[in-house]
Amino acid sequence: ETGVTQSPTHLIKTRGQQVTLRCSSQSGHNTVSWYQQALGQGPQFIFQYYREEENGRGNFPPRFSGLQFPNYSSELNVNALELDDSALYLCASSFGLAGNEQFFGPGTRLTVL
Amino acid sequence: SQQGEEDPQALSIQEGENATMNCSYKTSINNLQWYRQNSGRGLVHLILIRSNEREKHSGRLRVTLDTSKKSSSLLITASRAADTASYFCATDGPGGSYIPTFGRGTSLIVHP
């Protein structure tokens with residue numbers, strides 16, 4: 001059984017640029033959730049995809065967008081990067097929607113200069 | 001907001017001692033989950049407790065849930081230096097959705 005993987009591990013961008021983060025879900029999981037974690041804070045929910053459809057969205061602007069593929073892997077895209085977007089971005093996969101255990105990837109550390 | 005809030009924010013203990021962390025939330029939930037995070041890495045799921053359960057155990061971990069007080073506690077018995085990490089509770093999202101909503105966490109340091 002393969003765990004959740006994320007790429008890249010670290011990323012440095014400048015303000016105004018665009019970034020794409022990737023997540024491969026654990027085998028057998030059809031739900032992927034994305035979180036943003038600023039330093040010293042808890043993870044903040046960005047959005048969730050279930051079977052390729054967006055299932056819910058947190059309080060993030062439209063420049064945060066996502067996608068889930070038929071193999072249930074997922075992408076998080078952020079346009080027009082701002083300094084405050086610097087954070088650890090976490091992806092979590094699970095099976096179904098009924099509050100089942102989420103398995104987290106190691107995260108992508110994004111720094112915006 | 002249904003976000004859980006952990007207390008204390010930081011906890012420092014000696015190896016072998018017990019560590020207790022608390023989580024309070026504001027509205028009814030379907031379930032509550034506890035996670036551990038080491039040094040800004042991915043979160044590791046510890047225990048899920050459903051609203052109709054009062055207590056769950058997993059190894060040295062004991063979680064209680066008091067829905068009347070809207071609170072939960074995580075007890076780590078006989079702590080080890082390897083337990084040093086941040087611990088988060090996650091409750092249901094707005095409108096009773098099953099999307100976990102995290103608090104700010106408790107930073108636990110276990111001194112050898």
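Lettering follows sequence order; numbering is per chain, from 1. Computation of the quantities below employed the complete heavy-atom set of this structure, encompassing side-chain atoms and omitting hydrogens, waters and symmetry-equivalent molecules. Owing to the predicted nature of the structure, the values given are computational and were not obtained by experimental measurement.
Within 6.0 Å of atom CZ in B:R60, more than 12 heavy atoms from other residues, nucleotides or ligands are found, so the atom counts as buried in its surroundings. No more than 12 heavy atoms of other residues, nucleotides or ligands sit less than 6.0 Å from atom CG of A:L39. Remark: A:N71 CG is packed, more than 12 non-hydrogen atoms of other residues, nucleotides or ligands lying under 6.0 Å away. Within 6.0 Å of CZ in B:R41 there are 12 or fewer heavy atoms belonging to other residues, nucleotides or ligands. Other residues, nucleotides and ligands place no more than 12 heavy atoms under 6.0 Å from the CZ atom of B:R80. Surrounding CD of B:Q14 are more than 12 heavy atoms belonging to other residues, nucleotides or ligands, all under 6.0 Å away. Atom CZ of A:R51 has 12 or fewer neighbouring heavy atoms from other residues, nucleotides or ligands inside a 6.0 Å radius. Atom CD of A:Q18 is surrounded by more than 12 heavy atoms from other residues, nucleotides or ligands within 6.0 Å.
No side-chain heavy atom of B:F102 sits under 4.5 Å from any side-chain heavy atom of A:F45. At least one side-chain heavy atom of B:P100 sits under 4.5 Å from a side-chain heavy atom of A:Y35.
Both the backbone and the side chain of A:Q102 come within contact range of chain B, each with at least one heavy atom under 4.5 Å from a heavy atom of that chain. Heavy atoms of B:Q37 lying under 4.5 Å from chain A belong exclusively to its side chain. Contacts of A:Q37 with chain B are made by side-chain atoms alone, with heavy-atom separations under 4.5 Å and no backbone atom involved. Of the atoms belonging to B:L48, it is side-chain heavy atoms, and not backbone ones, that fall under 4.5 Å from chain A.
Contacts from residues 106-113 of chain A to chain B, taken as heavy-atom pairs separated by less than 4.5 Å, involve A:P106, A:R109 in sequence order.
Here the shortest heavy-atom pairing between B:Q33 and A:E101 reads OE1-CA, 4.0 Å. Residue A:L90 comes nearest to B:G42 through the heavy atom pair CD2-CA, 3.9 Å, listed as atom of the first residue, atom of the second, then distance.
Hydrophobic clustering (side-chain heavy atoms under 4.5 Å, transitive across Ile, Leu, Val, Met, Phe, Trp, Tyr) keeps A:V4 apart from A:F95. Connection of B:V63 to B:L108 is established within a shared hydrophobic cluster, with ILVMFWY side chains joined at heavy-atom distances below 4.5 Å, either directly or through further cluster members.
Summarising the geometry, atom NE2 belonging to B:H45 is positioned 9.5 Å from atom CZ belonging to A:F104; distances are rounded to the nearest 0.5 Å.
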